[in-house]
Amino acid sequence: MKTQSVTLPIFTSDGQFVAHYSENGLVELDFPSVGRAPSFHCRRRGNESQISPTSSAPARDSSRRLLQTKIRHWHRTTEAALKAVLAGGAVKALPPLDWSGKTEFQKSVWRALRKIRCGQTKSYGEIARAIGRPRAVRAVGGACGANPIPVLIPCHRVLAANGKIGGFSGGLNRKRELLAREGVSL
DNA sequence: CACTCGATCAGCG
DNA sequence: CGCTGATCGAGTG
């Protein structure tokens, strides 16, 4: 089964985010690009996406519509979650996340990140201990940096052990702002 | 394989 | 403070 990826915008007061979905869930969330980000028609990728290679044309069409309906529903959830966090609040629900192709280590780090609640922070070392790899401290930083779903998977809540800011792939200003909105002071 | 590079950290001066 | 060594996952050739 080939994947059909769908790209949808989310307009917020912080700019236009972009969410990417597969048939299995949310794959990626992009920060607003510095320039503008046009072209928001649904985009297909891979060779023609057969949900089932042997299905008849009407059956394919019906599957495709079901998928689109499902994705629209996920997208509403994503949108609500994103706006909640941007407003310094807590996420009520997330759509299913598609982490296929990622390593076990990364997934375990990201699972740990999800447990950090709004307004809380942890250090890279604490995450390392939480996943049972107490010495993989720098590697945890690497996995945070590889987080495909920033903000919703709250890697911005991970600080350096000395209380300093640490890094952020989306830019430290964003990290500071997100934390400030959650009431975290450095 | 054998490298290199980090969003780290604790220890030491 | 700043420097250094230990540590380890991921990426590259």
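Computed over heavy atoms, backbone and side chain alike; hydrogens, waters and symmetry mates excluded. Numbers restart at 1 for each chain; the letters A, B, ... are given by sequence-line order, proteins then strands. It should be emphasised that the depicted structure is a prediction, and the values quoted were computed from it without experimental measurement.
In this entry the distance linking CD of A:E126 with C1' of B:dT8 reads 13 Å, nearest Å. As a whole-Å value, the separation of A:L172 CG from B:dA7 P is 10 Å. Spacing between atom OH of A:Y124 and atom P of B:dG6 amounts to 15 Å, rounded to whole angstrom units. Atom CG in A:L179 sits about 13 Å away from atom C1' in B:dA7, given to the nearest Å. For the pair A:I165 CD1 and B:dC9 P, the computed distance is 13 Å after rounding to whole Å. Counting to the nearest Å, the C1' atom of B:dC9 and the NZ atom of A:K122 are 17 Å from each other.
Judged by the 6.0 Å and 45° rule, A:R174 forms a cation-pi pair with A:F31.
Inter-residue side-chain proximity for A:T12 and A:E79 is flagged as unmet; no heavy-atom pair is nearer than 4.5 Å. With contacts defined as side-chain heavy-atom distances shorter than 4.5 Å, the pair A:L152/A:L97 does not qualify.
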(request) Could you encode protein contacts along nucleotides 8-13 of chain C as a string, one character per nucleotide from 5' to 3', using B for base contact, S for sugar-phosphate-only contact and - for no contact, with a heavy-atom cut-off of under 4.0 Å? (result) SSS---
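Partners of A:E182 under the salt bridge (Lys or Arg N to Asp or Glu O under 4.0 Å) rule, at least two apart in sequence or in another chain, are A:R157.
Under the 4.5 Å side-chain contact rule for hydrophobic residues, A:L186 and A:F168 share a cluster.
Within 4.0 Å of A:G142, counting heavy atoms only, lies no atom of the nucleic acid at all. Among the atoms of the strands shown, base atoms are found under 4.0 Å from some heavy atom of A:S169.
Taken together, the paired segments of DNA chain B that extend over three or more consecutive Watson-Crick or G-U pairs, each closer than 3.5 Å at both contacts, are B:1-6 with C:8-13, B:8-13 with C:1-6.
Within the 4.0 Å cut-off from OP1 or OP2 of B:dC9, at least one side-chain nitrogen or oxygen of A:S123 is found.
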